[in-house]
Amino acid sequence: MAMFQAPKGVPEYFGARGGSFLAVREALSRPAMLAGYGYAELPVFEDTGLFVRGVGESTDVVSKEMYTFEDRGGRSLTLRPEGTAGVMRLVVEHGLDRGQLPVKVWYAGPFFRAERPQHGRYRQLQQVGIEAIGSDDPALDAEVIALADEAFRSLGLTQYTLHLTSLGCAVCRPGYREALQSFLAGVDLDEATRERAAVNPLRVLDDKRPDVQARLAGAPHMVDHLCAECAAHYAAVRQALGLLGVRWNEAPALVRGLDYYTRTTFEFTHDLLGAQSGIGGGGRYDGLMESIGGAALSGIGWGIGTDRTLLACEAEGLEPGAGPLIDVYCVPIGADAKARLVGLAGELRARGVRADIAYGDRGLKGAMKSADRSGAPLVVVLGDNEVQGRTAVIKEMTTGDQSTIPWDSVLDVIQSRVQEQAIERNSR
RNA sequence: GUGGGUGUAGCUCAGCCGGUAGAGCGCCGCGUUGUGGUCGCGGAUGUCGCGGGUUCAAGUCCCGUCACUCACCCCA
């Protein structure tokens, strides 16, 4: 066993999966970038109070899953368990809420929750998120949801479902909450669930145990208790989603684990992921910014799990970002040749051609083996003969064909062949 | 936090009723003095997770522990 191991519950990506992870993160953010969302680089730790007030003290995330520590000045800091609260803080702190609205930002990076690790559930989890703050236009809700849908679709995913509902607002939710509580009072529930019913009755609805679900049949749903404004808003969101070609499943029992959600609320689940099936989720949050000391601006956003989206791709047999890491592999025979190829590789890279060289003195055979393993479709072989004759040998690895060309033309020849191959790849 | 399963070579795993360590893949070399993949031949690699116990003898049985893993809970 190695002397050191990565901390429990922290996934690492390298080799082919490293490339896949990067491709997934890229795919998740691309649709948002095409819709005017700007990138925000946010701190990985924040004032503990931000999450307690923003996310909600009664949530599991805050009450028992935070990595909290004191810095040397005695301040209580917490590794961020989610992204929205930090974005709200940034917007308020820098006065973005006083400028052009809505403020649209996207972010990506690690989040931390002290949970027991499981397939798709990690202590350090990676997310890509977007937030659109300062507008309650239902068309914006639809845009946000469609951007997530487009992200999944662009990866080639098909076996996922969008679950959608409305959680109402400060006007209609209290009445519903009472109705639900009085219903739950008449249901036989265990101690832990009863406690949850007192703190956050909505959360009881998404209990996964079949026997509990059976007893919850006939429970009142928020969507049936929406006030006129919320009902109109929800109807408009659905209409806009229809226009955008997004398909969804009405999920009246959908509940999210964070307290700040209001009105439009959604979750994406994947069919092949086992227990941790949620690959993304989000919703509107009307009171969040006010609760951390900002203006009373509404916002909507989502977080998509990068780890889980990669797992979903793999479960569907997709390989995001697959393909060779380099275009040209340089194989020198002897010191003179190596000096020239080091220079050539540098010039190729400057032209945007991915190039690598056989280092060390493994001999021609060994170097060709490395060339093969690199996956590069093109190899440049240079030895004393070529150096003397001012030529270079270029070999196509797929066919085995090779040709000798003048050294002065080698850069141009390689570049044009690499471009041809790129075009071929894209047309497939 | 609660419960189940699994820890043997770099990876995936076999190892019967306890008798002293194996396969495939990968890696290295040779067949080829300047050519990779395929093929053939050869080679290296282990604290059998860790600690204790039972036994003449433990990878194998027992206890503990750690790690991984699946599920609950929760969520991305």
- For nucleotides B:A58 and B:U20, find the distance between their P atoms and express it as a whole number of Å.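 Each nucleotide's P atom is 12 Å from the other's.
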
- When you compare B:C30 with B:G7, how far apart are their C1' atoms, in angstrom units rounded to a whole number?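 Taking atom C1' in both B:C30 and B:G7, they lie 38 Å apart.
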
- Task: Quick one: the dot-bracket string of RNA chain B, using Watson-Crick and G-U wobble pairs with both distances under 3.5 Å, [ ] for crossing pairs and | for bases paired to another strand.
- Result: (((((((..((((.....[..)))).(((((.......))))).....(((((..]....))))))))))))....

- Message: Less than 4.0 angstrom between a side-chain N/O of A:K369 and OP1 or OP2 of B:G37, yes or no?
- Response: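 Yes, within the criterion.
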
- Query: Is there a side-chain polar atom (N or O) of A:R373 under 4.0 Å from OP1 or OP2 of B:C28?
  - Reply: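 Result: yes.
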
- Message: Taking the nucleotide of RNA chain B with the nearest heavy atom to each, does A:A6 or A:S370 sit closer to the 5' end?
- Response: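 Closer to the 5' end of RNA chain B: A:S370.
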
[X] side chain to [Y] side chain, donor-acceptor N/O pair below 3.5 angstrom:
X: A:D307; Y: A:Y13; answer: yes
X: A:Y260; Y: A:D286; answer: no
X: A:S76; Y: A:T48; answer: yes

Using a heavy-atom cut-off of under 4.0 Å over every strand shown, decide if [X] touches base, sugar-phosphate, or nothing.
X: A:E267; result: nothing
X: A:L364; result: base
X: A:G363; result: nothing

- Message: Using ring centroids (six-membered ring only for Trp), state whether A:Y107 and A:Y39 fall under 6.0 Å.
- Response: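 Not under 6.0 Å, so no.
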
Under 3.5 Å, is there an N or O donor on one side and an acceptor on the other linking the side chain of [X] and the base of [N]?
X: A:Q124; N: B:A76; value: no
X: A:N385; N: B:G34; value: yes
X: A:E386; N: B:G34; value: yes

- Query: What's the closest nucleotide to the A:K365 side chain, out of B:A67, B:U35, B:C74?
  - Reply: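 Among the listed nucleotides, the one closest to the side chain of A:K365 is B:U35.
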
Polar atom pairs (N or O), protein with nucleotides 69-71 of chain B, under 3.5 Å:
residue, atom, partner, partner atom, Å
B:C70, OP1, A:H119, ND1, 2.9
B:C70, OP2, A:H119, N, 2.7
B:A71, OP1, A:A275, N, 3.3
B:A71, OP2, A:Q118, NE2, 3.3

